[in-house]
Undergrad: 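One structure is given below, represented as structure tokens, and several questions about it will come after.
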Amino acid sequence: MNTSTLTAGTAELDKPRSGLQIAIMAVAAFVIVTTEYLILGLLPALAQDLKISISAAGQLVTLFAFTVMLFGPFLTARLSHVGRKGLFVAILLVFGASNALAALSANIWVLALARFIPALMLPVFWGTASETAGQLAGPKNAGRAVAKVYLGISAALVFGIPLGTLAADTFGWRNTFWILCGLSVLMAAMIQTFMPTLPAPATKAGEQQTAIFKDRRFLAHVALSVLVFTAMFTAYTYLADMLERLAGIPAAQVGWWLMGFGAVGMIGNWIGGRVVDGSPLGSTVVFLLLLIGGMLATLLAVGSHAWLALALAVWGLAYTALFPICQVRVMKAGSSAQALAASMNISAANAGTGLGAIAGGAAIHQIGLPSLSFLAAGIAVLAIVLALAMARARPATAR
């Protein structure tokens, strides 16, 4: 590319873009992240259809999460030179094909392959979506554009499971994957049609980026995120099953209960984003305490739908608030390389998601479904102990 073309392209990117392009990116982000989390709402249905245990089905969550954790940073770095438009179109087409394979799965092994393939590409999309939104909007509007894309991601995190549960009950779990396939292809077509060709942003020196791995404080924050997400997903992975088997919620209504959980959670997402700047570790501890209270109260309230709704509201508020709290906390700890720090928190979150699914599945098999709330609460206590130790080791202004 000659200098004049590059200059013209850069000038063009600096111009404010229409809201359509940013909205397409946000919806694409929603589809991508929903593909990961929607399966949690499908677990009871697909376990029954494939004639496997719910704990075995839960390991599909582990497979996806660990794949993201292990391959995400490497693949994101390897594909950093690829133009964003072509990269996003290719990722969405991979998701479309993988979801079609999932819909056609005859056994758990084919379904596992259908989950493994998109898990390779999800962190690449997630890790570059915000920076691409900034390119589309131009420097003056980058912040708002990034916020809109992350709204799509947050909505997927919160509503992925209830949407999956409702879709499985209405259309069947296989047709749910067909719907995701269609949405993935549609968003690929939208990006191809409406997104301009974007150059890959210049990368910073590797040594400057990786210096944060020598910072024990940063590594402690990453470890804290692993514990937090393990506590969150030990019980949350199997929440749909808990509502059916422990609370006696009819299968046709479980999705609506989870939708309410998610709606309250959006409030928690907003609160978490507002309070984390003041005290990242302090807000982590506060919402972990609320998480413990909500999970234990849910178990105690299964006999009363009114009290159950209140307990789930507390759980949902804390659960969703911890997403932005952990992200901002780790990025602040790795402020010299925030992009890499953010990707490390994504890996930590997926490690915790996978470990939580394993721990929850083992607990169901060995002790029983009611044990999940106690196990998750115990892991949350460990996270609180670590957070308090980290806070004591730092100056008050940094807490």
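Please read these numbers as outputs of a predicted model, since none were measured by experiment. All heavy atoms count here, side chains included; hydrogens, waters and symmetry mates do not.
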Undergrad: Between the main-chain N or O of Ala357 and the side-chain N or O of Tyr238, is there a donor-acceptor pair closer than 3.5 Å?
TA: yes
Undergrad: Quick check: closest heavy atoms across Ala333 and Asp215, and the distance to 0.1 Å?
TA: O-OD2, 4.2 Å
Undergrad: Considering only distance and modelled atom types, tabulate donor-acceptor pairs under 3.5 Å from the side chains of residues 303-316, sequence neighbours left out.
TA:
{"residue": "Ser304", "atom": "OG", "partner": "Trp307", "partner atom": "N", "Å": "3.4"}

Undergrad: Is there a side-chain contact between Pro324 and Val276 in this structure, where contact means two heavy atoms from C-beta onward sitting under 4.5 Å apart?
TA: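 They are not in contact (no side-chain heavy atoms under 4.5 Å apart), so the answer is no.
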Undergrad: Scan side-chain atoms only and decide if Arg329 and Ser283 contain a donor-acceptor pair under the 3.5 Å cut-off.
TA: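 Result is no, nothing qualifies.
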Undergrad: CD1/Ile117 to CG/Leu122 distance, rounded to the nearest 0.5 angstrom?
TA: 14.0 Å
Undergrad: Look up atom CG in Leu246 and atom CG in Asp241, then write down how far apart they are to the nearest 0.5 Å.
TA: 7.5 Å
Undergrad: Please say which of Leu289, Leu281, Leu288 ends up in a side chain to side chain contact (heavy atoms under 4.5 Å, CB included) with Val285.
TA: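 That would be Leu289; it is the only one of Leu289, Leu281, Leu288 passing the side chain to side chain contact (heavy atoms under 4.5 Å, CB included) with Val285.
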Undergrad: Show me the side-chain donor-acceptor pairs of residues 87-99 shorter than 3.5 Å, one per line, residues at least two apart or across chains.
TA:
{"residue": "Ser98", "atom": "OG", "partner": "Val94", "partner atom": "O", "Å": "2.9"}
{"residue": "Asn99", "atom": "ND2", "partner": "Phe95", "partner atom": "O", "Å": "3.0"}

Undergrad: So Val328 and Lys332, do their side chains get closer than 4.5 Å, heavy atoms only?
TA: yes
Undergrad: Is it the case that the side chain of Ser105 and the backbone of Leu101 share a donor-acceptor pair, with hydrogens and angles ignored and the cut-off at 3.5 Å?
TA: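 Between the backbone of Leu101 and the side chain of Ser105 there is a qualifying donor-acceptor contact (under 3.5 Å).
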Undergrad: Quick one: does Arg84's side chain have a donor or acceptor within less than 3.5 Å of a partner on Val82's backbone?
TA: yes
Undergrad: Are side-chain heavy atoms of Leu355 and Phe66 found at a separation under 4.5 Å?
TA: yes
Undergrad: The criterion is side-chain hydrogen bond (donor to acceptor under 3.5 Å, both in side chains); which residues satisfy it with Glu36, sequence neighbours excluded?
TA: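 Residues passing side-chain hydrogen bond (donor to acceptor under 3.5 Å, both in side chains) with Glu36: none at all.
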Undergrad: Can you confirm whether Trp257 sits close enough to Leu239 that some side-chain heavy atom of one is under 4.5 Å from a side-chain heavy atom of the other?
TA: no
Undergrad: In Å, rounded to the nearest 0.5 Å, how long is the span from CG of Leu372 to OG1 of Thr298?
TA: 12.0 Å
Undergrad: As a quick check of understanding, evaluate side-chain contact (heavy atoms from CB on, under 4.5 Å) for His221 and Asn345, giving each step before the final call.
TA: CA-CA 9 Å; His221 275 279; Asn345 186 67; over 6 Å; no
Undergrad: If you take all heavy atoms of Gly354 and Ala65, which pair is closest and at what distance?
TA: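 In this case the closest contact between Gly354 and Ala65 is N-CB, 3.5 Å.
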Undergrad: Quick one: CG on Leu291 to CD1 on Ile384, what's the gap to the nearest 0.5 Å?
TA: 8.5 Å
Undergrad: Is a donor on one side and an acceptor on the other found under 3.5 Å between the side chain of Thr320 and the backbone of Met266?
TA: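 No: the side chain of Thr320 does not pair with the backbone of Met266.
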Undergrad: Ile39 versus Phe64: any side-chain heavy-atom pair under 4.5 Å?
TA: no
Undergrad: In Å, rounded to the nearest 0.5 Å, how long is the span from CG of Leu180 to CZ of Phe177?
TA: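 Atom-to-atom, Leu180:CG and Phe177:CZ are 7.0 Å apart.
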Undergrad: Side chains of Met190 and Val27, heavy atoms from C-beta outward: is any pair under 4.5 Å?
TA: no
Undergrad: With rounding to the nearest 0.5 angstrom, report the CG to CG distance, Leu60 to Leu111.
TA: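 The distance works out to 5.0 Å.
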Undergrad: Would you say that Thr35 contacts Arg115 through its side chain, given a criterion of any heavy-atom pair below 4.5 Å between the two side chains?
TA: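 Touching, per the 4.5 Å side-chain cut-off.
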Undergrad: Please check: side-chain N/O of Tyr319 versus main-chain N/O of Met232, any donor-acceptor pairing under 3.5 Å?
TA: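 Not confirmed, Tyr319 side chain does not pair with Met232 backbone.
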Undergrad: Checking the side chain of Gln21 only, and the main-chain atoms of Phe194 only, is there a donor and an acceptor separated by less than 3.5 Å?
TA: yes
Undergrad: Using side-chain heavy atoms (C-beta onward) and a distance below 4.5 Å, is Leu299 in contact with Pro370?
TA: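 Yes, their side chains come closer than 4.5 Å.
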Undergrad: Do Phe229 and Phe323 make the cut of ring centroids closer than 6.0 angstrom?
TA: yes
